[in-house]
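The structure appears below as structure tokens.
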Amino acid sequence: MKKKQKIDMWMGISIGILLLYIVFMLYPLLKILVQSVLDNEQGTFTMQYFKQFFSDTYYFSTLLNSFKIAVCVTVVTLALGVPLAYLYNMYELKGRNFLQVMIILCSMSAPFIGAYSWILLLGRSGIITKFFSRNLGIEMPSIYGFNGILLVLATKLFPLVFLYVSGALKNIDNSLLEASSNMGCRGVKRFFKVVVPLCMPSILAAALMVFMRALADFGTPLLIGEGYRTFPVEIYKQYVGETSVNHNFAAAVSVIAIIITAIVFLIQKMLSNHYSFTMNALHPIERKKPHPVLSFFAHFYAYGLVAVSFLPQFYLIYCSFRNTSKTGNMFKPGYSLMSYRQIFETMGDAVKNTIVICGSALVLIILLAVLIAYLVVRRRNHVNNIIDTLSMLPYIIPGSVVGIALVMGFSKGPLVLTGTAAIMVVSMCIRRIPYTIRSSVAILQQIPITVEEASASLGASKFKTFWKVTTPMMVNGIMSGAILSWVTLITELSSSIILYSSKTITLNLGVYIMVSRGTDGKACAISTILTVMTIISLVLVTKLSKGREITL
């Protein structure tokens with residue numbers, strides 16, 4: 001009887017988590033689906049909003065533009081990230097630890113902040129644009145539109161490819177590479193014939209992640225796209241348009257976005273299953289000292305790519321210390337902490353909100369991720385398999401869609417959350433919990449179940465074993481995933497911009513507001529604060545990994 005109660009307790013936790021997903025994710029998504037096929041005037045079923053989207057080239061072109069960006073960004077990031085990971089893991093590079101930290105830092109800020117900083121560098125009044133125009137008589141190509149979006153997203157997302165492929169390279173047995181060399185397959189030929197096929201599952205996973213991020217990105221095309229209209233921006237404009245709004249049409253476009261991303265996800269899963277295989281590195285790759293020519297190329301490529309990618313962040317930090325006018329709209333000669341003083345005087349609540357809202361979301365993420373990981377790995381059943389599937393849905397749902405769904409779901413009774421901090425916490429949990437779940441599942445799969453069986457044999461209940469034995473052994477994986485979730489929480493924009501109110505502005509939203517107002521000094525100061533927070537988070541990840549190189 002006692003054993004049955006323990007089983008019911010875990011089943012109760014499973015049902016409770018499943019209900020949370022139903023209430024806060026599936027129910028809002030269902031509201032979007034209903035809104036997309038409902039004629040408000042007659043209250044009848046209609047497909048007119050879908051027909052409007054596909055029949056009007058103005059709207060349909062936004063879908064084509066988003067696909068063009070996503071495909072091009074994916075191709076460019078693979079072309080940049082795969083060779084970088086290969087050079088980094090195959091050869092001894094000077095300052096490799098510093099290089100890895102800088103590579104990761106390149107990606108750990110919101111892409112729209114990168115777009116803003118590139119405008120300061122290469123925009124119409126950018127410092128580089130002015131330098132070439134005044135001193136060399138050279139007119140720089142426009143940073144706005146497709147080219148600018150591609151530049152920003154490629155320099156932000158190639159580190160994801162680097163991390164995924166680096167993880168795959170650590171699982172390659174060196175004897176395979178030695179065998180290929182003995183058969184005359186060396187250099188570039190070995191890279192394409194041996195290394196790339198062995199890394200293909202991770203390359204496909206990285207490609208999916210980059211594609212989804214680029215397809216769903218909202219801030220970059222909104223800020224730097226100008227006339228280049230994209231899918232997520234159109235969803236936002238239809239829902240919160242300045243002149244008119246069409247919630248039904250916005251819902252229809254959101255449904256189209258979910259279907260498209262789901263199809264892309266399924267295609268990636270099929271390709272991954274096709275290329276899947278098991279590999280055990282009994283003899284891991286040993287880094288070699290490259291010959292002088294290759295050494296020069298490797299160092300030039302790695303450090304050059306990092307320098308170009310990190311330049312915008314460095315320039316933002318520099319600008320944050322420049323003197324500005326009282327309004328913060330113009331830079332003046334000299335340096336001071338004026339921008340920081342103005343930020344804490346006028347936007348002190350944004351700092352507090354970032355810590356409170358993102359911190360609350362992180363606590364919930366850790367608690368739920370640990371429970372879900374345990375249920376998925378140790379207590380597999382149909383309910384927990386459904387929970388595992390639902391936990392991955394945020395990967396294929398654009399942030400703007402999540403925001404609209406939550407507004408539609410909780411703007412009326414019985415549970416009204418719109419305008420509160422709670423709805424932002426819910427949104428952040430839904431979108432960012434997969435990072436911590438995946439890292440928790442990975443670390444739990446490495447913990448032998450015999451440890452828990454030994455605890456049970458000594459009289460400890462399964463629940464006590466979970467909290468006193470299993471969870472402490474999962475700490476490294478939990479915290480690594482939690483810190484990566486934290487970084488994405490403090491840089492969240494696409495859903496928060498739909499959900500926030502004047503009382504729930506966060507630092508990342510503050511950057512967007514300051515940029516839209518043209519107050520560059522304040523925008524640079526807030527961006528620098530966010531950069532410092534991400535650096536601290538990365539240092540914590542490095543400490544928790546105990547010197548091991550960070551991979552995905």
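Owing to the predicted nature of the structure, the values given are computational and were not obtained by experimental measurement. Just so it is clear, the values below take in all heavy atoms, side chains as well, and ignore hydrogens, waters and symmetry mates.
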* Asked: Between Phe158 and Ile103, is a side chain to side chain contact (heavy atoms under 4.5 Å, CB included) present by the stated rule, with each step listed?
  -> CA-CA 9 Å; Phe158 82 86; Ile103 291 172; 4.3 Å; yes
* Nearest heavy-atom pair of Ser496 and Glu492: which atoms, and what distance? -> OG-CG, 3.3 Å
* Passing candidate, side chain to side chain contact (heavy atoms under 4.5 Å, CB included) with Leu406, options Ser427, Ser495, Ser411 -> Ser427
* For Tyr144 and Tyr228, run ring-ring contact (aromatic ring centres under 6.0 Å, His included): C-alpha distance rounded to whole Å, both residues' side-chain angles, the deciding distance at 0.1 Å, then the answer. => CA-CA 9 Å; Tyr144 303 97; Tyr228 197 84; over 10 Å; no
* To do: Indicate yes or no: at least one non-hydrogen side-chain atom of Met212 is less than 4.5 angstrom from one of Thr261.
  => yes
* Taking the side chain from Asn248 and the backbone from Ser36, do they hold a donor-acceptor pair closer than 3.5 Å? -> no
* So do Phe410 and Val426 actually touch side chain to side chain, heavy atoms under 4.5 Å? -> no
* Asked: Do Thr62 and Val253 have side-chain heavy atoms sitting under 4.5 Å apart?
  -> no
* **Straight-line distance of Ile372 CD1 to Ile433 CD1, nearest 0.5 Å** => 4.5 Å
* Asked: Could you state the interatomic distance from CZ (Phe231) to CD1 (Ile260), rounded to the nearest 0.5 Å?
  -> 4.5 Å
* Asked: When rounded to the nearest 0.5 angstrom, what is the spacing between OH in Tyr116 and CD1 in Ile224?
  -> 12.5 Å
* Test item: Thr230 side-chain N/O and Ser66 main-chain N/O as donor-acceptor pair under 3.5 Å -> no
* Check the pair Leu509, Met424 against side chain to side chain contact (heavy atoms under 4.5 Å, CB included), reporting the backbone distance first and the verdict last. => CA-CA 12 Å; Leu509 286 166; Met424 293 185 67; 4.1 Å; yes
* Is there a side-chain contact between Met11 and Asn381 (heavy atoms, below 4.5 Å)? -> yes
* Determine the sole option in Tyr59, Tyr49, Tyr239 for which the ring pair (Phe, Tyr, Trp, His ring centres under 6.0 Å) test with Phe249 is passed. => Tyr59
* Asked: OH of Tyr500: more than 12 outside heavy atoms within 6.0 angstrom?
  -> no
* To do: Would you check, one step at a time, whether the test side chain to side chain contact (heavy atoms under 4.5 Å, CB included) holds for Ser339 with Arg322?
  => CA-CA 8 Å; Ser339 296; Arg322 294 179 63 186; over 6 Å; no
* What are the two closest non-hydrogen atoms of Lys412 and Val416, and how far apart are they? -> C-CG2, 3.5 Å
* CD-OG1 distance between Gln313 and Thr155, expressed to the nearest 0.5 angstrom -> 9.5 Å
* To do: Please test Ser494 against Tyr236 for side chain to side chain contact (heavy atoms under 4.5 Å, CB included), starting from the C-alpha separation and ending with a verdict.
  => CA-CA 9 Å; Ser494 56; Tyr236 174 75; over 6 Å; no
* To do: Please tell me if the side chains of Ile505 and Ile513 come closer than 4.5 Å, counting only heavy atoms from C-beta onward.
  => yes
* Structure fact -> CZ (Phe146) and CG (Leu151) are apart, to the nearest 0.5 Å, by 11.0 Å
* **Option passing side chain to side chain contact (heavy atoms under 4.5 Å, CB included) with Ile386 (candidates Leu390, Val383, Thr389)** => Leu390
* **Minimal non-hydrogen separation, Val233 against Pro221, with atom names** => CG2-CG, 3.9 Å
* Asked: Any luck finding a side-chain donor-acceptor pair between Gln52 and Gln48 under 3.5 Å?
  -> no
* Asked: If every non-hydrogen atom of Ala251 is compared with every non-hydrogen atom of Gln35, which pair is closest and at what distance?
  -> CB-CB, 3.8 Å
* Asked: Below 4.5 Å, heavy atoms only, C-beta onward: do Val161 and Val210 meet side chain to side chain?
  -> yes
* Asked: Is the backbone N or O of Ser14 less than 3.5 Å from a side-chain atom of Asn384, with the two atoms forming a donor-acceptor pair by type?
  -> no
* Structure fact -> In terms of heavy-atom contacts, Leu120 and Cys524 come closest through CD1-SG, 4.0 Å
* Mind checking the CD1-CD1 spacing from Ile529 to Ile317? Nearest 0.5 Å is all I need. => 11.5 Å
* Exam field: side chain Asp39 to backbone Thr44, donor-acceptor pair closer than 3.5 Å -> no
* To do: Mark yes or no for whether Ser202, through its side chain, and Val165, through its backbone, hold a donor-acceptor pair below 3.5 Å.
  => no
* To do: Mark yes or no for whether Thr354, through its side chain, and Leu507, through its backbone, hold a donor-acceptor pair below 3.5 Å.
  => yes
* Sub-3.5 Å donor-acceptor pair from the side chain of Ser61 to the main-chain atoms of Tyr58, do we have one? -> yes
* **Nearest heavy atoms of Gly123 and Thr129, plus distance in Å** => O-OG1, 2.9 Å
* Asked: Any chance CG of Leu30 has more than 12 other-residue heavy atoms, nucleotides or ligands included, within less than 6.0 Å?
  -> yes
* Asked: Going by heavy atoms in the side chains, are Tyr21 and Ser391 under 4.5 Å from each other?
  -> yes
* Is there side-chain contact between Phe211 and Val71, with heavy atoms separated by less than 4.5 Å? -> yes
